[in-house]
Amino acid sequence: MTAYLNLRNLFDLFCIAQGITTAGRLLLQPRRSAHRWLALLIVGLTCQVIDYFLSRSGIYYRNRWLYFSPLFFSWGFGAFVYGYVRARTTPTQPFTSWHFVPLALQILFYLILVFQPLPTKAWFWLTVHKPYTRYVEYYVSGLLMLSYLYLS
């Protein structure tokens, strides 16, 4: 597999390596739920950097079947932060799974798209995702993050 490397892509590779090792280190720590929540947040952020790297390095261009791979978990970032704060401050209170409904919807959206043929993906990108759903994803992600920061 050939990838175009410049300073930006090399920096992305270092960020990916740092994210994977940090999340692994947090998961290997003694069982503290706060570490797991922080590791999930770091994995989600690292997956977005992986997506940026695949795009900028030309890997998506040479492997078009990877388009819309489910690498974005941004609708779960707020819940991960909230879980981390709750685990640090009130570890005895249970954390309900309702907080992950937006994340499940986002993952389902990308899982449906990733298994579509390339012409369908291209049509969806040009007519729906680029002008509309991409911005919906950004705004909902920001709104969820702000609301969970407020709850924290």
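No cation-pi contact links Arg134 to Tyr138, judged by a cut-off of 6.0 Å to the six-membered ring centre and 45° from its axis.
The OH atom of Tyr4 sits 12.0 Å away from atom CZ of Phe53, with the distance rounded to the nearest 0.5 Å. The CZ atom of Phe73 sits 5.0 Å away from the SG atom of Cys47 when rounded to the nearest 0.5 Å. Remark: Ser57 OG to Ile50 CD1 distance equals 11.5 Å, nearest 0.5 Å. Here the CD1 atom belonging to Ile59 is positioned 8.5 Å from the CG atom belonging to Asn9, to the nearest 0.5 angstrom.
In the model, Tyr110 has a side-chain atom that pairs as donor or acceptor with a side-chain atom of Glu137 under 3.5 Å. A donor-acceptor contact closer than 3.5 angstrom links the side chains of Tyr148 and His99. In this model, no donor atom of one side chain and acceptor atom of the other lie less than 3.5 Å apart for Gln48 and Ser74.
The shortest non-hydrogen separation linking Ile42 to Ala23 is CG2-CB, 4.1 Å.
Annotation: side chain to side chain donor-acceptor pair (under 3.5 Å) contacts of Arg36 (sequence neighbours excluded): none.
With hydrogens and angles ignored, the 3.5 Å screen pairs a side-chain donor or acceptor of Lys121 with a backbone N or O of Val114.
Checked against a 6.0 Å centroid threshold, the rings of Phe95 and Trp37 count as neighbours. Ring centroids of Phe68 and His129 are separated by less than 6.0 Å, placing the two rings close together.
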